[in-house]
There are 2 protein chains.
Amino acid sequence: MAATLKDVAARAGVSVATASRAFQRPDMVGARSLERVRRAADEVGYIPNSAARALISGRRGVYGVVVPDLENPFFPAVLKGAQARAHHHGVQLLLADAEESPEGERSLVRTLAGQVDGVVLCSSRMDEEALLEAASLTRITLVNRVRPGMTGVFADPVPGIPAAVRHLHRMGHRRLGYVGGPATSRSDSARRTALEEVCREVGIDLLDVGHFEPGVEGGRRGAEELLLTDATAVVVYNDLMALALIDRLKGFGVSVPEDLSVVGWDDIPFASLLTPGLSTVQVPRYDMGALAVDLLVAAGEPEREDEGGEGRAIGLPTQFVPRASTARLAREV
Amino acid sequence: MAATLKDVAARAGVSVATASRAFQRPDMVGARSLERVRRAADEVGYIPNSAARALISGRRGVYGVVVPDLENPFFPAVLKGAQARAHHHGVQLLLADAEESPEGERSLVRTLAGQVDGVVLCSSRMDEEALLEAASLTRITLVNRVRPGMTGVFADPVPGIPAAVRHLHRMGHRRLGYVGGPATSRSDSARRTALEEVCREVGIDLLDVGHFEPGVEGGRRGAEELLLTDATAVVVYNDLMALALIDRLKGFGVSVPEDLSVVGWDDIPFASLLTPGLSTVQVPRYDMGALAVDLLVAAGEPEREDEGGEGRAIGLPTQFVPRASTARLAREV
DNA sequence: CGCACGAATGTATACGATTGCAGACCAATG
DNA sequence: CATTGGTCTGCAATCGTATACATTCGTGCG
């Protein structure tokens, strides 16, 4: 159906070899032939067959991206960043949603492995063994997870968390709650560590509210637990939970920021839309996606394999964005 | 690097043809050989090369999905639906973000055309000509847009819009504003038509507030324009705008739903999270994505090309979801 | 016992593009 | 004029898989 290089060559009156070179190495082709091939290609609407190209070159020009849940507002920006760099590298992205299941991730990597040059694994919840299997099947770059020996990109709690805590301290807060994420999450413990350190430094009591599921329900439950403490401010594992928490607090007649200050994590698009605007630690999602693709593509080009991140995890700095959900106490709860 | 069918065949002591058949037509292969091939494949970790397969079969097993903006909360659910059906059909999805630009869509379709068996175009803003070009390059299914002769899936304002209007009428509202989307948008005019019809029927004054950009800024401006009318309720082009509108109204001291009732469109995930929960017309995004992929895949399988939607646009019913943003007036503005 | 037939397997070719190699052609040089 | 060198072009092999066709083998029946 579609025109092939053979058709173009025939129409231009040259061999397929010349036609091919007209695109790949125009300098190797005579001006006359070049012109004729180009015109012929235009006329028949020639589009190179990527499958044939991939077969001979060994590179498919396609990378997979696996996310646990597309509807989680964290990921679209990651994808956009990835997409932008993919486009820049002349490469395509195969999207896969694991539907929150580690087993799903695993099987997705298996099927993707045969069709892509590498996979970006976002916020993977696979266990170590599955991760190793994945790495043996195809090139892997982790986003939002670190594993020694594997290439990855993650958000460094510093300087965002320290800045947030100092901000709260300046606002007069001395008792800070932390509504955490899943106990198994590395990023949760990294954030905890950063919090502990800076709280000790500036002299704030850090109150552990516990571990919660990273969704709306977790945020609601976090609010309930939080009210059992005497914290005047709270840092929440992510924005989604923070918003749910604020909503739940409102149900208890506790309003933000008059009665309580709230800091989120991520800076999802909605964080600034709501009233009150959510103070949060901005995670460079776009850059994370972009860098992940860069690393993956670079790893596939041996000549400049020494570009950096090979097998290493790169931390991208976070930034505290103060908005209306943090303030000096208007009244004691 | 990776094991090929040849390796498997050698290890199993059979020819590549037999090895191939062991996977494609197991019934044509002796039990003994079948077993040996399977074991050999397992041992070397054989993964079929999709490029080679695509080359010979002519089908790539990959479909493209083009969205104008991934960060628009409308699309993730569409993608999830598409993804789910793609997985069901044993097919992959190539994701592309057009970054809000019709020209971007156009060039994406061009590049995708050579790598996929078809493209799902979501909420495309391409002009007619570009659309025709796209259709000439590859199989196209439209989502959220209709064009005679092209396969497509869209959200039918009925019964969602009539239900919403009747609900408002029952709440005592008699003057309803409509904050519309882009003037060029077909879905905007479809919604207008549905609104007019049901308003006439139940006896409500429909006040046209104008056309706005479908983002946060459009919603804010919509709020400002709305206050120039004496509407007591408003239907907004989409949830994102509705939320921004509510936020902006709050800035004017107008609160929802006490002073004004608001109905959105889409039912994006955040619509229910906020206080007040947004009353909205729920669009079956997931089903739209799913159906789009089904249609695309079906169109590629000639034997059952008569399955239905070929060249036709299919409307999926919407549903009104009442929440807290619609109520009887507590006080007159 | 021989023939025919079906099952199982192997051989060879095709898919479309790329590329090493060699040939054709021309100009410049000795 | 022969030789060299360079430019341009074509031939043919190749990537990994699928399949039409040919071949082999065993089996059942006449």
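Just so it is clear, the values below take in all heavy atoms, side chains as well, and ignore hydrogens, waters and symmetry mates. We name chains A, B, ... by the order of the sequence lines, and we start the count at 1 in each one.
Across all strands shown, B:Arg25 has no heavy atoms under 4.0 Å from either base or sugar-phosphate atoms. At the heavy-atom level, B:Leu5 lies under 4.0 Å from the strands shown only through sugar-phosphate atoms. Residue contacts for A:Thr4: at a heavy-atom cut-off of 4.0 Å it reaches the sugar-phosphate backbone alone, with no base atom in range. Residue contacts for A:Ser57: at a heavy-atom cut-off of 4.0 Å it reaches no nucleic acid atom on any strand shown. Using a 4.0 Å heavy-atom distance criterion, B:Thr18 is classed as a sugar-phosphate-only contact. Using a 4.0 Å heavy-atom distance criterion, B:Val16 is classed as making no nucleic acid contact. A:Phe23 comes within 4.0 angstrom of nothing in the nucleic acid, heavy atoms only.
The side chain to side chain donor-acceptor pair (under 3.5 Å) analysis of residues 20-31 of chain A, with sequence neighbours excluded, yields no pairs.
Look at A:Ser33 and you'll find a side-chain N or O under 4.0 angstrom from OP1 or OP2 of D:dT9. Not one side-chain nitrogen or oxygen of B:Arg21 sits closer than 4.0 Å to the OP1 or OP2 atom of D:dT19. Checking the phosphate oxygens (OP1, OP2) of D:dT19, no side-chain nitrogen or oxygen of B:Ser20 falls inside 4.0 Å.
Atom pair B:Gln115:CD and C:dG16:P shows a separation of 17 Å (rounding to whole Å applied). To the nearest angstrom, P of C:dG10 lies 12 Å from CE of B:Met28. Straight-line distance from the CD atom of A:Gln24 to the C1' atom of C:dT18: 7 Å, rounded to whole Å. For B:Arg60 and C:dA17, the CZ to P distance is 10 Å, given to the nearest whole Å. One atom, CZ of A:Arg53, and another, C1' of D:dG16, lie 18 Å apart when rounded to the nearest Å. The CG atom of A:Asn49 sits 17 Å away from the P atom of D:dG16 (whole-angstrom rounding). With rounding to whole Å, B:Arg36 atom CZ is found 13 Å from C:dT9 atom C1'. Rounded to an integer number of Å, the gap from CD1 of B:Ile56 to P of D:dT14 is 18 Å.
Both A:Ala19 and B:Asp27 lie close to DNA chain C; mapped to their nearest nucleotides by heavy-atom distance, the more 5′-ward contact belongs to B:Asp27. Heavy-atom nearest nucleotides on DNA chain D were determined for B:Tyr46 and for A:Val29, and the one closer to the 5' end corresponds to A:Val29.
Between the CD atom in B:Gln92 and the CG atom in A:Leu94 there is a gap of 5.0 Å [rounded to 0.5 Å]. With rounding to the nearest 0.5 Å, the separation of CG in A:Leu70 from CG in B:Leu95 is 8.0 Å.
Using a 4.0 Å cut-off between a side-chain N of Lys or Arg and a carboxylate O of Asp or Glu, B:Arg59 and B:Asp117 do not qualify as a salt bridge.
The side chain of B:Leu55 lies closest to C:dC15, out of C:dC15, D:dG10, C:dA17.
A side-chain contact (heavy atoms from CB on, under 4.5 Å) with B:Cys122 is found for exactly one of B:Val78, B:Leu79, B:Val153, namely B:Val78.
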